[in-house]
Amino acid sequence: MRHLIAGNWKMNGLKSSLGEVTRLKELLAANTANADVLICPPFTLISDLAKEANGTTIMCGAQDCHTAVSGAHTGDVSAEMLKEAGAMFIIVGHSERRADHGETTALVKQKAEAAQDAALTPIICVGETREERELGNAAAVVSAQLSGSLPEDTNYVVAYEPVWAIGTGLVPSLDDIREIHALVREKTTPDTRLLYGGSVKPANAAEILAIENVNGALVGGASLKADDFYGIIQAV
Ligand code: 13P
């Protein structure tokens, strides 16, 4: 399976940040990537980033969507709108949205289905908190999140992102990643791409991406700089 290296810019980036995409284009033109490459910028940059990436192998995605196609939902954006803007994937259920916006597993499933209805691929995020891991509940938590949030249609990507590894520089042991990814594989299909996310950097990417059932990475901080992101792509 071809790896997917996805960047999640979170709430970072102004038009000036598109220079990083220009730089990434140059790097990828010089050395063909052995992976699919995706960048999910904030809503405001999707259209510009999609234009900047047009004609290259870089794909554009979004970080969230509403469950409805349209209607009276002030401040929200639908999957169809994101598709029109140039998105091909939508991250749903990121732990920051679960924490900041109280998103439930059931809502995450509806968002994943909304993305699919717009012919986009949802990237469904799951992962345990530090406390849940310390209590020995990581597998049970991830299992319950998967049961509640995976749609019938198997056109999706799953990202395992332990909450305590996000933006902290902490990474689970390779065995712990292997164990959770094996569990996710059992609950999905042999063809589902399973990403690991949480403090992936150029320095640790090769060993993480070589783990069985790890088919790519969802990268936060290190996706903001083209050279770092490219270092992770090259690690494939
Ligand atoms: P970091 O790579 O900054 O730890 O973020 C991971 C993440 O949350 C990607 O969605």
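Read the numbers this way: they start at 1 and go in the same order the structure lists the ligands and their atoms. Small disclaimer: the values here were computed from a predicted structure and weren't measured.
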Can you pull every nitrogen or oxygen pair between ligand 1 and the protein closer than 3.5 angstrom?
unit_1: ligand 1; atom_1: 2 (O); unit_2: Gly220; atom_2: N; d: 2.9
unit_1: ligand 1; atom_1: 3 (O); unit_2: Gly221; atom_2: N; d: 2.8
unit_1: ligand 1; atom_1: 4 (O); unit_2: Gly167; atom_2: N; d: 2.6
unit_1: ligand 1; atom_1: 4 (O); unit_2: Ser199; atom_2: N; d: 2.8
unit_1: ligand 1; atom_1: 5 (O); unit_2: Lys10; atom_2: NZ; d: 3.3
unit_1: ligand 1; atom_1: 8 (O); unit_2: Lys10; atom_2: NZ; d: 2.8
unit_1: ligand 1; atom_1: 8 (O); unit_2: His94; atom_2: NE2; d: 2.8
unit_1: ligand 1; atom_1: 10 (O); unit_2: Asn8; atom_2: ND2; d: 3.0
unit_1: ligand 1; atom_1: 10 (O); unit_2: His94; atom_2: NE2; d: 2.9
unit_1: ligand 1; atom_1: 10 (O); unit_2: Glu161; atom_2: OE1; d: 3.2
unit_1: ligand 1; atom_1: 10 (O); unit_2: Glu161; atom_2: OE2; d: 2.9

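- Between Glu132 and Thr129, the side chains place a donor N or O and an acceptor N or O closer than 3.5 Å (distance only, hydrogens not considered).
- Take Ala165 and apply the side-chain contact (heavy atoms from CB on, under 4.5 Å) test, not counting sequence neighbours, and it matches Pro162, Pro172, Tyr196.
- Qualifying salt bridge (Lys or Arg N to Asp or Glu O under 4.0 Å) partners for Glu161, counting only residues two or more places apart in sequence or in other chains: none.
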Solution key, residues 41-55 side-chain donor-acceptor pairs under 3.5 Å, sequence neighbours excluded:
unit_1: Asp48; atom_1: OD2; unit_2: Lys15; atom_2: NZ; d: 3.4
unit_1: Glu52; atom_1: OE2; unit_2: Thr22; atom_2: OG1; d: 2.9
unit_1: Glu52; atom_1: OE2; unit_2: Lys25; atom_2: NZ; d: 3.0

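- Screening Arg98, Glu128, Lys187 for a side chain to side chain contact (heavy atoms under 4.5 Å, CB included) involving Gln145 leaves a single residue, Arg98.
- To the nearest 0.5 Å, atom CG of residue Leu150 and atom NZ of residue Lys109 are 8.5 Å apart.
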